[in-house]
Structures are given as C-alpha cells and as structure tokens.
Amino acid sequence: MADNTPKGAERAKNKRGIWGWINPYHYNLERWAYAFQRITGVAVLAYVLGHLGDTSFFVGGPTGSGPSPSSWDFIGTIFENSFGHLILVLVVLVLVFHGVNGIRLILAEFGFILKKPSKIEYPYKAKGLGSGQKYLIWIGIAAGVAAAVWAFLVLFEGMG
Amino acid sequence: MTDVRLLVQRFDPLTDEKPRFAEYSVPKREGMTVLDALLYARDYLDHSIALRFSCRQASCGSCGMKINGRLRLACYTQVEELGGEKVVAQPMDNFEIIKDLVTDLGSFFAKHKQLMPYVLRSDSQEMDHPSAEFLMKPEELEKVLQFTYCIKCGLCTSSCPTVGTDALFPGPQALAQAYRYLSDERDEGGKRRIDALDTAHGVWRCHYAGSCSAVCPKGVDPALGIQLLKRHVMSGKARSEGAEVWKQQAAAAPPLK
Ligand code: SF4
C-alpha cells in the first residue's frame, strides 16, 4: 500500500521538546533560572547517585561482596587531583544555586513573593515576574558563586 | 525610503520535507508593523505566503508568530522597534504548522474549553434562565480583570517549555483562565475545577519559567495566575479533604448524651 503520509508531517509537528527546556535564549530571567534549575537538578542527581555508589564501597560495594579498599582508592584517584577538585567546586556551585532557587519556587507557588492581581495599565508589567522573586534568583547565583569560591579555597589549599 | 529585508519561513507539510526561508525586500514606511510588511510581500511579491490575521489592532489574537526569535503579535510589532533592517517571521513554536506562518490552534482551544471557562453555579435553573445579571463588586472584578483581557493568541502557550514536551498539559492560557474563574466570587465550581487541575498533567507541571507572562501582549500575566492557582488548589484540597476527614470522624463518633 502506498504511504500517503505527507512529506513534512514530522517537521510540521513543530514541538520544541527538551531543547525548549534547556535553551532559554530570547526569554526572561526566570526562564534562564528554569533552564539552570533543570540542568543543575540532573547534575545534582547524578552526583548524589555517584556519591551513594562510591561511599557504598565502604560497606560492601554495589555487589555486597565486602569492603573494597581498591575500589575506594580508585574513586580517590578520580577526585584527588586538580580536575576532580574543579568538578567538586562545580558541584558546590550548582547545589547551592539549585537549593536557593528551589526555595524561591516554593515561595512563589505559595504566592508569598508575588503581588496580587489588580487593574493593569499599558505598558504592562507582569507582576508574576516582579522584582521580589528576581532578587532571589540573583541571591541564588551570588550564594552559589560565593560557596564555590570558598570550596575552591578549601580544596586547593589542601592540595598546595 | 529604504527597504526592509523580510525573511519568511515557508513550509507546506504536504509538499515540502523541511522549512526554508524566502527573502523579500519590502519598502519601509513610518509606523509600519510586521503585519503590514507581510501583507505587502503577500500582495505585491508572492501571493502564496500563508498567514493569518484579522483585526490589525491586537484584539483578535490571530497574527501570533515568532518574530526575530521572540513570540509576538505581527500587528503589534513595529518594524522600527526591531532595528528596522531585518525581520524574520516564523510560525509559533509548539503548534502544528498548517502552512508557512499558520498554525493549528485546535488543541489550544480544546484545552481552554476543557477547564470550563465560564461561571459555574449550582442553581442550573438560574444559569439557563437568569432572572437578573450575576452582579459583581468592583473590587472583586479588579481581582480577575487582567485575566479577562486574554485574546487567545496562543503566544504564552507557544512559549511554554512544558507544552513543548507534554501534549496533555493545558498550558498557560487555559490555566490562567482556570484561575480567573476559580477566584471569581460568583463561581461555585470550586471542587470540580480543582479536581480538573490537580492531575498528573495539570497545574503542577508548571515550573514557573515565566515566559508566558514575558510574551503576553495583553498584560494577562499567566505565570502570576498559575502560581496563585497552585495555592488555591493546595488550600482547596486541604479544605475539602479536611471536611471529608471531619465528616468521617463525626460519623464514627459516639452520639452525644
Ligand atoms: S494569556 Fe496573553 S499570550 Fe496567552 S493567549 Fe491570552 S493574550 Fe495571548
């Protein structure tokens, strides 16, 4: 039987998909915060899973075959160097940003940091994108950077 | 008078495999909107350009499209505010393309309807055969007024990242209207509305990216409505579940002497 599907049927769907989550270009600050929240969420999850895996070598490892000092030492070789420390600094940065931004989202969902709807006048200024919650995004970024600087100093001092 | 370079995304899914851009040179004039430029191109340069428009004054919501990467109404965007040299017109994201700049808004309107965008009352007799207007205090009207300005252009829904991956998510437009009716003092739909919103693909899929409010040309501010809606859903749920527990406890309690 002949395939009658229009040639461009797939492209016509025109869905942005996951790309729309991670690409905030042309959009507002909150959309950037949203994209970073998603990306840092996945990064934090990956770190936590990895961390659970590596600490489990203390108590028998994923296979339960008893403590495995060699596996533990192997993990050590990954992180006990400049590159590994830079990854840990990055983990601190994303963790702190993700946490502060998460609090901002909870506060917004309870309506605490948003103004009430009211009569609007042109040029319209969205209260949903008001300054209160915007400050929290910047606080999240500043706190993440400050924590990362602190982590950098602690980790690299230990190396020096 | 100089010309403006107008790039229009052309795509007919029936015959084309993928979209392409066609370039037109349009003579610029003062106050020219992107819609004016598109209509000039369609009337004098290429009759086959497909676009949708009607009122030309940001009231009908027909000419929503992506202009220079941002979602806007073509009639509400001046060529000059884009720098005046180059205009790139593409169809709205996340809606199926019918042809060129025309997208299918069928599912968008269906979702709007699904969330019951009308006042719900228990007195159906009065609803069907009203004996008087359903009056509203001015201060109550102010609470919902901005949401009533929605022209259903679809820009907010097109901008929403969740809509791009979840076909069942109602989208910012429908949710903003759900808030509008849920917070209308004349409405008695409370539990029915909350049940429709508190689902796996409902209001909780919004993660407050806020792009809906950033692109809305009418100041509706769906992001604000949706966050307030979440609070309504949480407290409404708590109230109705609390009432249920209380009823059960009352039924199980020994009778008072
Ligand atoms: S809320 Fe604004 S952007 Fe969304 S459909 Fe209504 S008018 Fe358009």
Side-chain angles (χ1 to χ4, degrees), chain A residues 4-38 41 101-102 104-130 132-134 136-137, chain B residues 11-19 66 68-71 91-98 103-104 142-147 149 158-165 167 179 183 204 206-228 230-232 234:
Chain A
N4 291 330
T5 318
K7 274 181 158 183
E10 207 37 52
R11 295 298 287 267
K13 286 186 189 145
N14 196 26
K15 286 272 182 200
R16 286 203 84 197
I18 303 275
W19 184 238
W21 292 7
I22 56 177
N23 177 10
Y25 187 52
H26 282 304
Y27 283 113
N28 46 312
L29 180 66
E30 293 75 9
R31 178 71 175 257
W32 284 81
Y34 162 91
F36 282 116
Q37 190 73 358
R38 302 241 118 180
N101 193 44
R104 164 186 158 262
L105 293 174
I106 293 169
L107 292 175
E109 292 189 336
F110 277 104
F112 291 140
I113 46 173
L114 299 175
K115 290 203 182 115
K116 288 197 180 77
S118 58
K119 214 160 28 188
I120 51 169
E121 300 218 0
Y122 189 83
Y124 307 123
K125 252 185 131 258
K127 288 183 215 73
L129 307 178
Q133 55 84 34
K134 269 200 174 65
L136 281 175
I137 299 180
Chain B
F11 179 47
D12 182 350
L14 293 177
T15 53
D16 304 334
E17 221 155 276
K18 54 182 196 296
K66 201 158 76 176
N68 289 18
R70 275 203 79 130
L71 290 152
M92 286 193 282
D93 289 323
N94 297 327
F95 291 119
E96 192 157 340
I97 300 172
I98 297 175
T103 48
D104 184 354
E142 251 184 44
K143 287 187 197 161
V144 297
L145 189 60
Q146 69 179 82
F147 302 102
Y149 292 153
S158 169
S159 78
C160 175
T162 303
V163 170
T165 49
Y179 174 75
S183 50
W204 304 110
C206 163
H207 302 293
Y208 192 26
S211 26
C212 49
S213 293
V215 302
C216 176
K218 302 300 282 185
V220 173
D221 202 350
L224 174 67
I226 300 170
Q227 305 327 302
L228 299 177
K230 289 176 186 170
R231 188 162 66 172
H232 261 293
M234 281 187 272

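Just so it is clear, the values below take in all heavy atoms, side chains as well, and ignore hydrogens, waters and symmetry mates. Here is how names work: the chains are called A, B, and so on, in the same order as the sequence lines, proteins then strands, and each is numbered from 1.
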B:Asp12, B:Leu14, B:Ile98: which one forms the most heavy-atom pairs within less than 4.5 Å of chain A?
B:Leu14

Proximal component of B:Cys212, with respect to chain A [non-hydrogen, under 4.5 Å]
neither

Partner chain A: residue of B:Ser211, B:Gly225, B:Ala223 with the largest heavy-atom pair count (under 4.5 Å)
B:Ser211

N/O donor-acceptor pair under 3.5 Å between A:Lys127 side chain and A:Leu114 backbone:
no

Heavy-atom pairs under 4.5 Å with chain A - which of B:Asp16, B:Leu228, B:Val220 has more of them than the others?
B:Asp16

B:Ser213, part contacting chain A, at a heavy-atom distance under 4.5 Å:
both

Value rounded to 0.5 Å, distance of CG in A:Asn28 from NZ in A:Lys134:
6.5 Å

Flag, side chain of A:Tyr27 to backbone of B:Gly210, donor-acceptor distance under 3.5 Å:
no

To the nearest 0.5 Å, atom CG of A:Leu136 lies from atom CD1 of A:Ile113 at 5.0 Å

Among A:Arg38, A:Arg31, A:Arg11, which has the most heavy-atom pairs under 4.5 Å with chain B?
A:Arg31

If you count heavy-atom pairs within less than 4.5 Å of chain B, which of A:Glu109, A:Glu30, A:Lys125 leads?
A:Glu109

With a 4.5 angstrom heavy-atom cut-off, could you sort out which part of A:Phe110 is near chain B: side chain, backbone, both or neither?
both

Heavy-atom donor-acceptor pair, A:Asn14 side chain to B:Glu96 backbone, under 3.5 Å:
no

If you count heavy-atom pairs within less than 4.5 Å of chain A, which of B:Pro222, B:Pro91, B:Ser159 leads?
B:Ser159

What part of A:Ala108 gets within 4.5 angstrom of chain B, counting heavy atoms only: side chain, backbone, both, or neither?
both

Do B:Ser158 and B:Asn94 get their side chains close enough for a donor-acceptor pair, meaning under 3.5 Å?
no

Contact winner vs chain A - B:Asn68, B:Asp93, B:Leu71, B:Leu145, heavy-atom pairs under 4.5 Å:
B:Asp93

Name the region of A:Glu121, side chain, backbone, both or neither, that has any atom closer than 4.5 Å to a heavy atom of chain B.
neither

Is A:Phe36 atom CZ crowded by more than 12 heavy atoms from other residues, nucleotides or ligands, each under 6.0 Å away?
no

Which atoms of B:Val144 are under 4.5 Å from chain A, going by heavy atoms: the side chain, the backbone, both sets, or neither?
neither

Please flag which part of A:Tyr122 lies under 4.5 Å from any non-hydrogen atom of chain B: side chain, backbone, both or neither.
side chain

If you tally heavy-atom pairs under 4.5 Å against chain B, which of A:Lys116, A:Glu10, A:Arg104 wins?
A:Arg104

Out of curiosity, A:Tyr124 OH to B:Asp221 CG, how far, rounded to the nearest 0.5 Å?
12.0 Å

Minimum heavy-atom separation for B:Pro19 and B:Phe11, please, with both atom names.
N-CD1, 3.7 Å

B:Gly164, B:Gly219, B:Ala167, B:Ala209: which one forms the most heavy-atom pairs within less than 4.5 Å of chain A?
B:Ala209

Enter the distance from A:Ile120:CD1 to B:Phe147:CZ here, rounded to the nearest 0.5 Å.
9.0 Å

A:Lys7 side chain vs B:Lys18 backbone, donor-acceptor pair below 3.5 Å:
no

With chain B, which of A:Ser118, A:Gly111, A:Gly20 has the greatest number of heavy-atom pairs at distances under 4.5 Å?
A:Ser118

